[in-house]
Chemist: 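The structure that follows is given in the form of structure tokens.
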Amino acid sequence: MTKLSIDTTGIRLHRNFFTRDVLEVAPDLLGKVLVRQFEDNTISRWIITETEAYKGEEDRACHASKGRTPRTEVMYRQGGYIYVYLIYGMYWLLNIVTGKRDQPQAVLIRGLSAINGPGRIGKQLNLDQSFYEEDLNTSRRLWLEKPTQNTHAYKSSVRIGIDYAPNEWRLKPWRFSLI
DNA sequence: TCACGGATTCGT
DNA sequence: CGAATCCGTGAT
């Protein structure tokens, strides 16, 4: 007798979800599921609880404000790629590229269920430079899923750690978190 | 080739 | 509040 199994995993989010404007995608990522398959094939899932939007060359808090460089190159691709970078020589921060091609945007994943702080996320997920430009559509080690039941309520506030940016950009309420 | 500073975190 | 820790960036 064959036993039927029910697939309880969510449905992977694909290109069209990420190719929208970052200010739509950043809050929409709240409640979605980040999935990491490690080297030993174990799979972990977390709910995204906090994000920040970085939008275009005009946004002085966005790395792309320095233009197209080897580091920011991936942000100019269409949505659905991973942008990781090392900060303070210690932490790999996880970003998701959004928007259409040549619209340099990304969402910083700032909080996950049970993991607070972007630096700790990179450590827990064991991220490194090899994740730069990882394709969320096809990757077997990192992707996102739409959960069977979603959460909606969230709040917005100002972004953190960007005191170097002029007030016009520093004060944008582009940080989103589940309530 | 060099100097600077950062989308952070932790301990004092 | 200061240290840890190192690479990308822009200037020399």
Side-chain angles (χ1 to χ4, degrees), chain A residues 13 17-32 34 36 44 46-100 102-136 139 142-144 154-179:
Chain A
L13 295 176
F17 178 89
F18 302 106
T19 50
R20 295 173 296 151
D21 188 89
V22 69
L23 293 181
E24 287 183 43
V25 179
D28 209 7
L29 278 172
L30 297 173
K32 296 300 187 294
L34 182 67
R36 172 81 165 97
S44 295
W46 299 269
I47 300 289
I48 296 176
T49 59
E50 190 174 346
T51 62
E52 276 181 2
Y54 289 88
K55 181 180 164 73
E57 295 183 344
E58 320 76 41
D59 179 2
R60 294 282 298 281
C62 180
H63 290 166
S65 64
K66 303 210 171 189
R68 197 187 282 256
T69 69
R71 185 208 212 184
T72 62
E73 180 65 32
V74 70
M75 298 180 80
Y76 288 79
R77 301 192 64 168
Q78 63 174 320
Y81 292 93
I82 289 300
Y83 167 41
V84 288
Y85 66 93
L86 186 64
I87 187 69
Y88 299 112
M90 279 175 282
Y91 306 106
W92 289 96
L93 299 205
L94 174 62
N95 297 257
I96 294 170
V97 175
T98 68
K100 299 174 183 174
D102 291 329
Q103 294 180 332
Q105 315 178 334
V107 177
L108 169 65
I109 305 300
R110 180 172 272 291
L112 298 176
S113 46
I115 310 180
N116 297 313
R120 300 172 111 189
I121 289 174
K123 186 177 180 183
Q124 182 109 10
L125 301 202
N126 204 19
L127 300 181
D128 57 42
Q129 177 64 27
S130 74
F131 281 83
Y132 185 89
E133 222 165 24
E134 185 90 354
D135 189 348
L136 289 171
S139 177
L142 189 65
W143 66 91
L144 285 112
Y154 69 89
K155 64 175 180 180
S156 59
S157 50
V158 297
R159 296 174 289 182
I160 296 177
I162 54 165
D163 291 348
Y164 55 83
N167 283 354
E168 177 191 0
W169 297 101
R170 189 172 60 79
L171 300 176
K172 296 274 188 196
W174 288 355
R175 175 187 179 199
F176 308 95
S177 49
L178 289 178
I179 298 176

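Bear in mind the structure is a predicted one, so any value in this text is a computation, not a measurement. Each chain gets a letter, A, B and so on, in the order its sequence line appears, and its residues count up from 1.
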Chemist: I need the residues from residues 107-116 of chain A with at least one non-hydrogen atom less than 4.0 Å from DNA chain B; give them sorted by number, or say none.
Modeler: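 Hits under 4.0 Å, by residue number: A/L108, A/R110.
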Chemist: Taking side-chain hydrogen bond (donor to acceptor under 3.5 Å, both in side chains) as the test, write out the residues that go with A/E134, two or more places apart.
Modeler: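 Partners of A/E134 under the side-chain hydrogen bond (donor to acceptor under 3.5 Å, both in side chains) test: A/S139, A/R141.
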Chemist: Which range-with-range stems can be found for DNA chain C when each stem has 3 or more Watson-Crick or G-U pairs in a row and both distances sit under 3.5 Å?
Modeler: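 Only these stems qualify: B:1-6 with C:6-11, B:8-11 with C:1-4.
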Chemist: Using a cut-off of strictly less than 4.0 Å between a heavy atom of the residue and any atom of DNA chain B, enumerate the qualifying residues of residues 59-72 of chain A by number.
Modeler: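 Nucleic-acid contacts, sorted: A/A61, A/H63.
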Chemist: Can you list everything that forms a side-chain hydrogen bond (donor to acceptor under 3.5 Å, both in side chains) with A/S65? Sequence neighbours excluded, please.
Modeler: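 Counting only residues at least two positions away or on another chain, A/S65 forms no side-chain hydrogen bond (donor to acceptor under 3.5 Å, both in side chains).
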Chemist: Atom CD1 in A/I162, atom CH2 in A/W169: separation rounded to 0.5 Å?
Modeler: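 Atom-to-atom, A/I162:CD1 and A/W169:CH2 are 10.5 Å apart.
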Chemist: Just list the side-chain donor-acceptor pairs under 3.5 Å for residues 21-32 of chain A, sequence neighbours left out, or say none.
Modeler:
residue	atom	partner	partner atom	Å
A/D21	OD1	A/K55	NZ	2.6
A/D21	OD1	A/Q105	NE2	3.3
A/D21	OD2	A/L23	N	2.9
A/D21	OD2	A/K55	NZ	3.4
A/D28	OD2	A/R20	NH1	3.3
A/D28	OD2	A/R20	NH2	2.8
A/K32	NZ	A/D28	O	2.9

Chemist: Mind listing the side-chain donor-acceptor pairs of residues 82-94 of chain A below 3.5 Å, one per line with the distance, residues two or more places apart or on another chain?
Modeler:
residue	atom	partner	partner atom	Å
A/Y83	OH	A/H63	ND1	2.6

Chemist: Looking only at atom types and distance, does a side-chain atom of A/S113 sit under 3.5 Å from a main-chain N or O of A/I47, one as donor and one as acceptor?
Modeler: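 Between the backbone of A/I47 and the side chain of A/S113 there is a qualifying donor-acceptor contact (under 3.5 Å).
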Chemist: Report the residues that fulfil salt bridge (charged side-chain N to carboxylate O under 4.0 Å, His left out) with A/D163, sequence neighbours left out, ordered by chain and then residue number.
Modeler: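 Counting only residues at least two positions away or on another chain, A/D163 forms no salt bridge (charged side-chain N to carboxylate O under 4.0 Å, His left out).
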Chemist: Tabulate atom names and distances for all N/O pairs under 3.5 angstrom spanning the protein and nucleotides 2-7 of chain C.
Modeler:
residue	atom	partner	partner atom	Å
C/dT5	O2	A/Y88	O	2.2

Chemist: With sequence neighbours excluded, tell me which residues meet side-chain hydrogen bond (donor to acceptor under 3.5 Å, both in side chains) with A/D135.
Modeler: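 For A/D135 the side-chain hydrogen bond (donor to acceptor under 3.5 Å, both in side chains) partners, ignoring immediate neighbours, are A/R15, A/N137.
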Chemist: Between which nucleotides of DNA chain B, read 5' to 3', does contact with chain A run, using atoms under 4.0 Å from its heavy atoms?
Modeler: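 With heavy atoms of chain A under 4.0 Å away, the range is B/dG6 to B/dC10.
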Chemist: Using the P atom on both, measure C/dG2 against B/dG5 and round to a whole Å.
Modeler: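 After rounding to an integer number of Å, I get 16 Å for this pair.
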Chemist: Is A/R175 close to A/I160 at the side-chain level, that is, under 4.5 Å between some pair of heavy atoms?
Modeler: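 Yes, at least one pair of side-chain atoms sits under 4.5 Å.
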Chemist: Does A/T72 have any side-chain hydrogen bond (donor to acceptor under 3.5 Å, both in side chains) partners at least two apart in sequence or in another chain, and if so, which?
Modeler: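 A/T72 satisfies side-chain hydrogen bond (donor to acceptor under 3.5 Å, both in side chains) with A/T69 once adjacent residues are dropped.
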Chemist: Would a distance-only check, ignoring hydrogens and angles, find a side-chain to backbone donor-acceptor pair under 3.5 Å from A/Q124 to A/I121?
Modeler: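 Not a single qualifying donor-acceptor pair exists.
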